[in-house]
Structures are given as structure tokens and as C-alpha cells.
Amino acid sequence: MATTTTDTRRDIERTWNPAEIEPKWRERWQEAAIYQVDDNAPEPKWYSLTMYPYPSGTLHVGHWYAFVGPDIYARAKRMQGYKVLFPMGFDAFGLPAENAAIRHNIHPATWTYENIEQMIAQFDLMGPMIDWSRKLITSDPEYYRWNQWIFLQMLERGLAYRAAGSVWWCPNDQTVLANEQVVEGNICERCGAEVYKRDLEQWYFRITEYAEELLAELDNLDWPEPVKVMQRNWIGRSEGARLSFRLETGNELEVFTTRPDTVFGATFMVLAPEHPLVDKITTDEHREAVGAYRGEARRKSEIERQSTDEAKEKTGVFTGASAVNPVTDERIPVWIADYVLMSYGTGAIMAVPAHDERDFAFARAFDLPIRVVIQPEGEDALDPRTMEAPYTGAGVMVNSGQFDGTPTPEQLPKVIAWLNEQGRGQAEVTWRLRDWLISRQRYWGTPFPIVYCDDCGMVPVPEDQLPVELPLDAEFTPTGQSPLVNHERFLNTTCPSCAGTARRETDTMDTFVDSSWYWFRYTNPNFDDAPIDEERTKLWTPVDIYTGGIEHAILHLLYARFFAKVLRDLELVDHGEPFKTLRNQGIILAAEGTKMSKSRGTQVGPDELVAAHGADALRLHLMFLGPWEQGGPWNERGITGMERFIRRAFQVVTETAGNRMDVKADAADLRRLTHKTIARVTRDLGQFQFNTAIAALIEMTNELMKLKETEVAETTAWRDAITALTLLMAPLTPYTAEEMWEMLGNEFSVHQQDWPVYDESLAAVETVEIPVQVNGKVRERVAVAVDASEEDVTAVARETGKIPDYLQGKTLKRTIYVPGRLINFLVG
RNA sequence: GCCGGAGUGGCGGAACGGCAGACGCAGCGGACUCAAAAUCCGCCGGGGCAACCCGUGGGAGUUCGAAUCUCCCCUCCGGCACCA
């Protein structure tokens, strides 16, 4: 043992001081470029991707939470023998930059690029193993030119098109939105304003072309179930039939129904107010009322058509027209009502009030006939006059001609087959998914590579003239038109085809286009010949694990899957599913349990916390808060505990780093602890269970603290233990572990070392303490060999402590012995 | 309404159907100190002097044994919502 004086000096030298070691190693890592991954390294590849941030200016602790987890995982993976691609970039186009720019009277580009600089510095504080040599910024012309290029390929294949239609408009952001960006029926996902529908001509991507594949392949993805469910619902596949009804005016009216078995009960029809047939079929007598209702519906849609509470209140008017039910030959009235949506199915329905909630409410409101055609088995016959609710369950068909008595929906295919024979309908699948509206009437985005020529019409800009650069000197205050409309030099151009005068398309692309393929670009972000370097992409993709917030469950993740399939069909990549495995981190809320918000001042920044406790302590604190996939409210209190742990681990390693190793002492327990900890940490990190991995390391450290003054601290087992501890801590506390590694006298860098190997034989225990139960209640504990026989354990357990008292005077009916776990005596 | 997910000490949380509460925070007691901080040691679900009893949102069930599996109910969070 050292003397008191040297002890004191050593303590001063070896006190953990993050303010000193963190900047030191940060610089060293940068110099040595240890985080740059070599494409040609011999190890197997691992692509760990985490969703890139929006360059809002600052990273708060919620961002750290999202990035630290994957960083730990990627670091562990690297030590476990993979070459790991862990890149980062910035989702730099979009409305927030523009809005902030307007507010602060600064150019969006200036705002964005300054923010990116700041954020990179903050990232570096965290000590991540990001390979910045692959950084990409989507607002760089070198990046967005490839958005334009991909767009042109899609245009050529009919996957991009321009069409007029009813689209969502955000009056606050002054732009159209994709369906996916409208939440809660009519709220702008970005700004929370109420949106409404306008008829505009816009650009679309034909994502519906891939609906079937997008749905089917979900089954094969290792994704969180909620995300898969959300995508399934969003794509919304419905099986049914398309039926044709003849109108008395001679027109055919097509409807889609999931219940063709109820067609005998169709007692009226309803068209969406916007249905093109409405004008043709409305009789003069009803023209005025129909016109008024259509106007009303239109106005309502502009305010709050799909509002939830009033939704059940059914409104509508009769058109005066009649249709013929194709199976009963009855004349049935044709109405219009806004509960039928033009955007789904055919925009028209056959109404079966006895067996559909909405049709039932409508029939009751307007006193329309109700006919029961499905009868639940074993119940009283349904009576249309007294029914209080429609019957939507299974049953047998009644009042249905030759189908009477047919069980349904089991026999639904039979009904469809018959309708088909009659030439009245056929099976059909309808999707809820709509094409992706990609134009935006805003400035800070990718310009469309399209010009409109007076003579040639719409002309794509040839590939060799890309990028169509976004002019930086535009007046970008939103007006409801793209700001580029007023930029003469951008707007006026010549036709690539005839060289005559032409105007450029002035809308810009939805920012989600940028993020729909960015992970491919990381594999070679400077590649100049194509968006994707095929060779490098083949090497790295598909992404092995993708992490990010669940808020992207539909938007980004659906678009990204769509793009991967398009790029596959363009033969640029060899797979259609980009992300094999997905994990969602939980959200770190403000202390009050509400969402962290910059404007409300509830954001907690990492900088002061790093200054006070060190980045490693903050990393651990965030990861120790709870399961990573759960999140929770921010709470600063526990960070001292992580600081204590790091200090103790640091102390135990550095104080004993110079110990002799030749003492012969029984170190089996120590080895067991080491290997048990290796097993636990390895398993937990691999499952994103950082909290329990940290707990295992704390337990090991606490045990080492107890042992460090004993003779086991002077064995090779001790040396192995503190070496393993350092390596296991490396992904979690990269700075401290690096310092400890150096103190142990090893070569730089700990992050380039191999992961400690778990040896099961060393972790195995020979004896265990198992509970002795009587009738399922624990009464004693007894130490036995792990593999002891039931006879031996029974013999010992029966005599232990109070057990004889419990067995006294009772009959032993049964003994349950689970080796290594417990023994249970059942007595009576 | 429909579809997901979750309810465990004062707090965050842990627990292959097998000792509920690992680990940490906070708290309490002690050591060190002139003192405080830091650090170290001990205690820490509730009731009871104790033996022991109760305890994982509530109720039933399966099982030798349930926080864990099944059913019903309650509460909270998230998604969708007139989608025919």
C-alpha cells in the first residue's frame, strides 16, 4: 500500500475532470480521424442510420437523447468487428427556415448555414462517432440537383405528373400540403392552422402505383408494430366490389362497396356533392336546392367540413333522379350528401340503411325506406320500423331472392361471382392512399426542372442543364404564389426545345422529397455522375438499423419506402425496402410533461449541463432515465448519480492501473463478475436497453470499489476486470473511457479496440441460493449446487430453518424443484 | 367509435411464468470536518414488538407458483376517424 502523502498526490492527479479530458480527446479524435469509415476495410459492413435533424439552430437534450442511443449502439457495433457507417446531415430546406428568416429579416440560406455550423459544434460536444466527411446538406445545389434528376426520371415514366384537383391549402403557410401533412382532419401538421380545400393544378408523385407493394412488404419488416399499423391504416386497403346502377336518365352510376351482399337492401343512392354526374341528373324542380346544397357543402369544406362532432349530423338533398337497383329492379331515389367523399371510391354509394351506420342515420333523418337483408342467426327478426341501430355483423341473407338463407360474409365471393355473371359488377380493391402532392408555393425548396413554352407547352429541363438553381436574391415573403413568380431572371427563360420564350415552373418541391433518398447519398455524398454511386450503395445499403421519432411513422417512412422502390425500378439500387430494422426513441418532454418548445422557453440545452457535469455524465443520465424507446419528462436530478458512477469507475481503474498482478488469490468471483457484466452489457446494448446496461456497469464498479484494497486487486483477474470495464464503458462514456484506457498504459484509441469476449465457463456459478417455498410462499433460502439433484436439495431444504415447523404434522403431497431456481413443498 | 401502447415504492425505473422493487435519485442515521460541500458506511414499499400479514390500476380465472398468461372493467398516452 502506498503512503498517505503519495496517495494524496495521486488523487489530485487522477481525479476525473471532464472539463479537461473532453476537449483534449475531442481534438485528438479529430486529428486522428478515427471516426472516418473506410469503404474498403475488410470487416463486414453495418449501416447505422439515424434521422437527420432540421437545422433549427440548437440541439436540445431531446436531440441528444435521440442521437446518443444510436451512437452508443454504433460504437459497440464497431468494437464488435464491423465497419460501421454512422453519418449525419441536415434536412435543410423547408418552411421553418423561411418563417424564421422572415421573422428575423435574414436570408433563409444564411440562417440555415449558420445554424448548421452551430449544430455541428454541439454535436461534437456530445462526442459522437459521426463521420463528418460524409456530411450532406439538402439545400446544397449538389444535393438538390439530384432531386430534380430523379423527378425527371419519374416524369418520363409517368410516376410524376401534373393534375388539377381538390387540394389542401394552409392559409398560414400560404401553400398546398400533402394529405399526409394534414392531421386531425383539417389541421396543418407544421403550423397548426386550419386548412381547407382548393381546386388547383399541382405536381404529384404516383405513390398509389406502389400501394400493393407498400402494404404487403410491411409484414417482412422488423419495425415497431405501431408504425406498421399506422402505415397499414394509411394505405387502407379495402376489398369489395364495384357495382353499376342504371339511372333513369340513362347514365350508369358506379359505386364501390365492401358489402355487395347487401345490395338487395340498397334503397337509395348518394353522390358526393362534387360528383360530375350531379349536374346531368338533377331535375329542374330540384336544381335550385341542389345548387344551394353544393354551394353550402363547398363553403363548409372551406371552413370545417370534416369536423368531428357535427360529422354525425347528416345533411343532403334529393336530386329528383332515380336509379334502378340492379338486383331488385326497384326504382330508388338518388340524393347528394357531404358524407360521401369525392376522394374515396367512386364518389358515390349505394345506401343500405339497415346495415350501415351512416346510411341508417341518413335514412332516419330523411325518412327513407329501410330494408333488412341480413338477419343475425338465432335472434328475433329485425324490424326496420323499430330498429335503433343498423345491423353490421354477420348473418344470413334474407329478402334477397335466390340468396335467401346464404350465410354472409362467408359466401360473399358467391354473390360477387353472380353479380359478375349478370354484368352488374366485379370484385375490386380500393385504397385510401392518395398520390403524393409535392408542389409547394414557397421559396426555400428544390425548384422543379420544368419550363412552360408558349409553343411547346410543358418541357422538362434536360439533365445536362441541372441543377436549376434556386436564386438567392429572391423576395421570399409568402403571398400565396411562389415567391419565384416575381423573380424575373429566374422566371423568364428560353425553351430547351425550341429556344423560344418560356417561363419556369415557380413552385418548389416538398421537403420530404429531400429526405426520401438521402441515406443512399451518404455512401458517396460527392458523387458527380448520378444521385447514387451504385457500387458504394451496393456495399452499404440497405440500412441495417434506422432510428428516429415515431412522428415520421407515415410521412417520411412511407415516402422513403416509395422512393426506394422507384429507384429500384430505375435500376439504381437492388432492393426496394430501405430500412430492414427500425427503432423509435421516446420523446423527451419538458419537466412539466409537455412538449419541449423553443417559443415557450421549455427547451433544455445541453451546453450548461456539459459545462457542469461533462458530456459523458449527460450521455449516461439521458440513457439512464428509462428505456430508450419510452422517453419521458426531462429531469436533471439524477445526473449527479451518473457523475458519481463515472468518478468511481475512473478512480478504481486509475488507482489500480499500476498494481502488481502476481498475487495468488482466489479470483473466481471477480472473473465471474467480469464475464457476467460483459454478457449483460453486450446483450442490453444490442437491444437498445441502455438503462440496464448502465446498471450492470454500476454494479460491477461498486463491487470493484469494495475489492480494490484486497489482494484480488493484485491479480491478473483484476487487470482483466478493469480492462473490460473500460472497454464496456467506451460506447457509453467515450471521453472517460479513452482517458482510462490511456491510464492503463494502452495505445490510442480505446474506440479502435475489440469488444471484450464473454466466456460462459468463467461466468458460470457453481452454487446458487434458491428460495425454499411451502405452498408457494417463500419461507427460507438455501445454498445448493446449481446442478444438485432433487433428492439432495429436498433433503437439505427440509431441514433448513423454519421449514421443519412448516412441514410438521402435514402430508407432503408434492415437491416442485426447478434446478438453480427454487424448491416448493406442497403440503396439506 | 375503431386500432395500437402503457399502468410497479416519495421519484425514474428493474424483473427467461419462479426471492417483486435490480440500478439510480431523493430521504433518514452515522463517519470525516471548526463547519459546510464532497466522499465513505448503514437504513430506506406498507402494517406489526415479533412470528407474520398485506402489496405490481380494479375484479375474476389458468397454474404448485402470475407484475408477467386468459377474460371483464377503469385510467392515461398515441394514431385514425362519415373511407362506403
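In what follows, every chain begins at residue 1, and chains take the letters A, B, ... in the order their sequences are listed.
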Checking all strands, does [X] fall into the base, sugar-phosphate, or nothing category for heavy-atom contacts under 4.0 angstrom?
{"X": "A:Asn702", "result": "sugar-phosphate"}
{"X": "A:Tyr806", "result": "sugar-phosphate"}
{"X": "A:Arg242", "result": "nothing"}
{"X": "A:Pro627", "result": "sugar-phosphate"}
{"X": "A:Leu826", "result": "sugar-phosphate"}
{"X": "A:Gln630", "result": "sugar-phosphate"}
{"X": "A:Asn635", "result": "nothing"}
{"X": "A:Arg232", "result": "nothing"}
{"X": "A:Arg683", "result": "nothing"}

Notebook entry, point to check: Does a salt bridge link A:Arg672 with A:Asp669, judged by any charged N lying under 4.0 Å from a carboxylate O?
Noted result: yes
Considering Watson-Crick and G-U wobble pairs with both distances under 3.5 Å, what does [N] pair with?
{"N": "B:C71", "result": "B:G59"}
{"N": "B:A31", "result": "B:U39"}
{"N": "B:C64", "result": "B:G18"}
{"N": "B:G24", "result": "B:C11"}
{"N": "B:G45", "result": "B:C54"}

Next item on the list: Would you check if there is a donor-acceptor pair between the side chains of A:Arg683 and A:Gln689 at a distance under 3.5 Å?
Entry: no
Next item on the list: Tell me, please, whether A:Trp64 has A:Arg619 positioned over its six-membered ring: NZ or CZ under 6.0 Å from the ring centre and within 45 degrees of its axis?
Entry: no
Next item on the list: Establish, with yes or no, whether the OP1 or OP2 oxygen of B:A38 is under 4.0 angstrom from a side-chain nitrogen or oxygen of A:Arg647.
Entry: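 No, no such contact exists.
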Check: Does A:Lys777 have a side-chain nitrogen or oxygen under 4.0 Å from the phosphate oxygens OP1 or OP2 of B:C53?
Finding: no
Margin query: Using only modelled atom types and a 3.5 angstrom limit, is any donor from either the side chain of A:Lys813 or the base of B:C64 paired with an acceptor on the other?
Written below: no
Note to self: Without decimals, in angstroms, what is the distance between A:Glu655 CD and B:U39 P?
What the structure shows: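 In whole Å, B:U39 P lies 15 Å from A:Glu655 CD.
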Next item on the list: Starting from C1' on B:G24, measure out to CE on A:Met700 and report it in whole angstrom.
Entry: 19 Å
Margin query: Suppose you measure atom C1' in B:U68 against the same atom in B:A50; what distance do you get, rounded to whole Å?
Written below: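 The answer is 33 Å between these two C1' atoms.
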Item checked: Whole-angstrom distance between B:U8 and B:C76, as gauged at atom C1' ->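 To the nearest whole Å, 15 Å.
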Check: For B:G42, does the glycosidic angle fall within 90° of 0 (syn) or outside that (anti)?
Finding: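 What B:G42 shows is an anti base, its glycosidic angle lying more than 90° from 0.
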Next item on the list: May I ask you to decide if the ring planes of A:Phe366 and A:Phe362 are parallel, tilted or perpendicular, using 30° and 60° as cut-offs?
Entry: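 Geometry flag for A:Phe362 against A:Phe366: tilted rings.
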Next item on the list: Return the orientation label for the A:His621 and A:Trp634 ring planes: parallel under 30°, perpendicular over 60°, tilted otherwise.
Entry: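 Correct class here is perpendicular.
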Next item on the list: Apply the test side-chain contact (heavy atoms from CB on, under 4.5 Å) to residues A:Arg294 and A:Val278: give CA-CA distance (whole Å), side-chain angles for both, the deciding distance (0.1 Å), then the verdict.
Entry: CA-CA 10 Å; A:Arg294 293 182 95 183; A:Val278 173; 3.8 Å; yes
